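Just so it is clear, the model here is predicted, and its values are computed rather than measured. Just so we're on the same page: letters track the sequence lines, and every chain starts at 1.
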Amino acid sequence: MKAKLKKRLKWNTKCKLCLLPSLLGTAIFFVIPYLRVLYYSLIDNQFHRNFVWFDNYIKTLTNEYFLLSLKNSLLLIVIAVSVLMALALVISLALSYGIKWLRKTRFAFVLPMVIPTASIVLIWRSVFIDSSTALPIYLLFIWKNIGICVVLLTAAFTSIERSVFEAARLDGANSFVLHTKITIPMIVPTVFFTALLSIVNSFKIFKESYLFYGTNYPPDHSYTLQYYMNNNFLKLDYQSLATSAVLTSILVFGIVMVGIFIQRRFDR
Amino acid sequence: MRKINAVIFTVLALIFILPVAATVVISFSAEGMPSLQGYVDLLFDCFVFYPMFWNSVLYAAVITIAQLIVIIPCAFGFSQAKFRGKGALFVFYIILMMMPLQVTILPNYIGLRDMGLIDTPWGIILPMIFSPFGVVVMHQYMKNIDNSVIEATRLETNSLFRILFTSVIPQLRVCIFAVVLFVFADCWNMVEQPMLFLKDDGLKTLSVFITNAQEYTGEVLFPAAVIFLIPVLILYLFFNENLEKGLTLGDLS
Amino acid sequence: MKKTYLKFTVLMLASLLFFSGCSGKIDSEEIPTHDWSGYFVYPMEDVNSFDVDDEGNLYAAAFNSDILKVYDPYGAEIGEKTLPTPYHTAVAVKNGEVFTLTANELYRNEEKIYSLSFEDNAKDIRIVGENIYLLYIDAAADLSQAPMINPFRGWNGEKIVRIQFSDLSVSEVECEYPMLISSNNDELWVYGINGDCGYIAPIRGDKAGESIPTGDDIPESFLMSGSAEKYLFTEVTEDSTLTLCMTDPVTGQTNELMPNVAILDADGIKARDGYIYYLNRYAYAENLNKIERIRQDDYIKDNVPVKLLATEWFSYIPFGCGRTVVESRLSNEEFALAVLSRDHGFDACVLSSSQDFSQNFRDHGSFYVLNDVPGVAEYVERCFPALREAVTNTEGEIWALPLSMNVPCAIYNTENCRVVSFSPNGLTLEELIAEAGGLFASDPSRRDICISANAAIPLLLRYELSGKADALSDGEFTEKMNFIKTQMSNELFGIDISLEANNNIHFDFGINMLTMLVDDKPTQLDFSVNSNIRAVDVFEGTNPAECVFLCVNPSSDNLSATLEYITALCGYLSSKTNDFMLDDKSLYSDSEYISELFEIYRDTEVFFRIPDEILLEPVKQYREGALSLDDLIIESDRKLSAYLNE
């Protein structure tokens, strides 16, 4: 009976079933709890639970500190992530097409990835005494995340070199054609993915920033969305927390959509 | 030109390696003099260090293995199955992957509490197994694999497991190594979850130990940080060759 | 035809069954015969001996008084009897007859029925069935073999005799080294020493039954109670707190029942029909030697512990009112997580107004609104105005129960102040600190003069610390900071590091000359006996009060039991005057000191603090010289604005 049932399952159904464990886990651990956050962002408080629709959103969107934190988070994404990506591209190009022994230095870029926050922040604090700009945090972010970017990008470059390059060269393509027709299209998805990952990691730099400044109220230039959410969490203000969490996810959604749009443009 | 490049890169590598070197140097010094005191304090006087270290290893290993079991079929399903809204579902995974911890930690806590998993190792392990990062990476890579091999295997067998093991996993080798490295490092670095979801000190991890290092006697922070580096580095060196062979990520859309 | 009968019979049977079900339901909701509520304090003061009769009436005689007053279970006085002597050690009541025990004589009403030798010392009598059991110390006993199971307590020659009602015949009860006796309705139990360990055993006739070994602790008082399960009640003094405890003799498991209970007499605790009566001689209580009554079922059957949450930095365990209160202390993040996720694993949480958490809790936290919980509104209505205001939010909801209040003020000894010609009257806190500094400067050998900067600075900066807008930009703040820098950098404040470790210390300000109490409750120290002690307020405007709150978790698994506890706690707090929270002058003694204190407590405002990192920590850096005043103002202003507006 069972065997029969199995046979009857179509290939497509089987493939769909493969998605099931992950979807189930994601639903239980992420989606259902997230719906609760969504619900809390629409009520007035936890005891009365009156539905207030978008009052919390209006309150949050007009809050000067929310806007400040939004601006700082976006700046971090725009400036630090672009610098990181540019640097990572240069380094991985050099590592992929440069002299052989240079590849050994790749190890140096990976090390920062795994060094614990608590100890590196102490070193950072002794080096960067001046905290009038957000530069120390930007540098810490770039320093910490270059490794993963370099690993991903070099891996992509190397795989092109191996598989497609030879064939194209045999077909008589010149260097310029090689790069515009092969390297760029093949590298764009990886670049895009690496950029997304760097944005994720720019959210994670809060841990370092928090320890670096040692306060819930860092200088205005470093006050990011994570500070806003963390402070409202500590203030037990669930409504502000839930609302800013939902707004952050909308922001993330926007970033991903813009990314996909840009990638499609490249594809054409 | 090449020489200039070499110099620039050596300097750059040095800059990147300097803070790490500083960490190692500080760990081997006490009051400005070379010393092993920190390591003595950590390894001989600080008994909580060992269980926490092994907890970290255990959690990271269990999560990494379990995640592979979940994400390989999932990514495979994504690439092979045809259904409406597949693209949207994948974008949803990407968005989920990008959620800051501050957004997810409270809903996560509520979910785990309702399942009675707070203060158990499963409270740390289960949500991490389903973290969307691996699915996204694996799915991207899956686009580049040779479909004809799968088609060929399908003619021979109907068993999904055999297809996965004989024609998919061998092609995914490099990507699996990359995912193992990233997921292991991610688990190894997590601080907030063990700190908030575990109340029993006997269950906490090395990362928590390092965050609270000032609570323990002796200068244990930097020695612990150096030891913290080792497992991930070993893993990296182990997979290094494979990663060099290449890892190309496909189109996201 | 037959079928109709059958149908009819079935219908009748069914309806009978149906209605019998109904009647069964009514039976099960039978009103219990004793419902005198949980915790109760009898009004009589200075009690020396007491007993309870079968109807639950209490008979109590005051120290050195031959009047035995009778109270009904609700505490109303319903009569009195005359004792043959005012020098009673214990009394017992049976069927309207009163037995009075003195140090060596036993009376049945007016008639002396038994005498011990003059050297002997009678301790306790218990009436069980047709027997009177008398515990006494035999002066002639051979103590050379007496066991000492711990260094402090051992057998001193205690013996038990049985006197039968019928013929007044006396026989000695055979048991090994008895120490204490207890009766529970129809049984007598003895607590004694057997070899190197304690034991308890029932007494049948004049022989001890099978004994149950206990630990090597000998309790100060002993009570066997509960018929199905036997429980041993003891009073222990762990951590120098007096707590009434209940121990299961078989498992050895101990539960704490009541804080601040001191039972000093062998007959100080008695059980009758599920209630436990004890004579509390707790020294700090305003009303000394009162009889308190608790319901045993509250502990044994439904003693669901009340689970409290507190943060790492602050802890306060309220009176249990018949329940075990268990506290867990969490980091700020864990606390926020528990509150925001509406955890159901805890019942309530305690907060202090000195934590920024409490104000946030009031404004955003999830709390059970207490307005409709029986007893709460009445209790809050009786509290000082500052407390009423603090526990009511802008919506008029009572978000928390006030548990305790401290108002800093100067308490001084007029006699000692006169010697050094110093008068704290009319001085502000600044002036007081400056004057005390002067006194110290004139005689630096007086290391006992100290003020804690940790305590004084928050008081000096109280408006700034409560987050008033623009509090830092005016000149007053600069002036205060200059004062702190100049005055508080001298040696007078040098000790505050050592005080950080012990926040509960009260700060003596000169030998018995002036006591400035900041963290301790002035009212708990019995200054009223010393007529030289006076209190004076040191603040311009209202006094800043620090208050402890209890908030109920609306998602608690145990909500109804928790609300019952809240009601009981309100009853208890309304009857206790030593916490100084009730706005009713007639409750307190009319000494000048207490009257002054009452006025100070009346004129207060609860002072909710903003997070220390915003102002207090920068001030600390400023005092250490790590931060300039300008930077301090800029930094703190920036953080304050973020805190208030984000």
Under 4.5 Å to a heavy atom of chain A? For I95(B) that would be both
Closest non-hydrogen atoms of Y93(B) and S22(A), given as atom of the first, atom of the second and distance, are OH-OG, 2.8 Å
Taken to the nearest 0.5 Å, the spacing of I32(A) CD1 from D114(B) CG works out to 10.5 Å
inquiry  = Side chains of Y34(A) and V103(B), heavy atoms from C-beta outward: is any pair under 4.5 Å?
reply    = yes
Under 4.5 Å to a heavy atom of chain A? For F76(B) that would be side chain
If one checks every heavy atom of N212(B) against chain A at 4.5 Å, the contacting part turns out to be neither
Looking only at L96(B), T104(B), T211(B), L206(B), the option with the highest number of non-hydrogen pairs under 4.5 Å against chain A is L96(B)
Among residues 243-253 of chain A, residues within the sub-4.5 Å heavy-atom range of chain B, in order of number, are A245(A), T248(A), S249(A), V252(A), F253(A)
Nearest heavy-atom contact between Q80(B) and C15(A) is CB-SG, 3.4 Å
Answer key: most heavy-atom pairs under 4.5 Å with chain B among I120(A), L20(A), L197(A) is L197(A)
Cut-off 4.5 Å, heavy atoms of chain A, and the answer for L89(B) is side chain
Can you find a heavy atom in the side chain of V31(A) that is under 4.5 Å from one in the side chain of F92(B)? yes
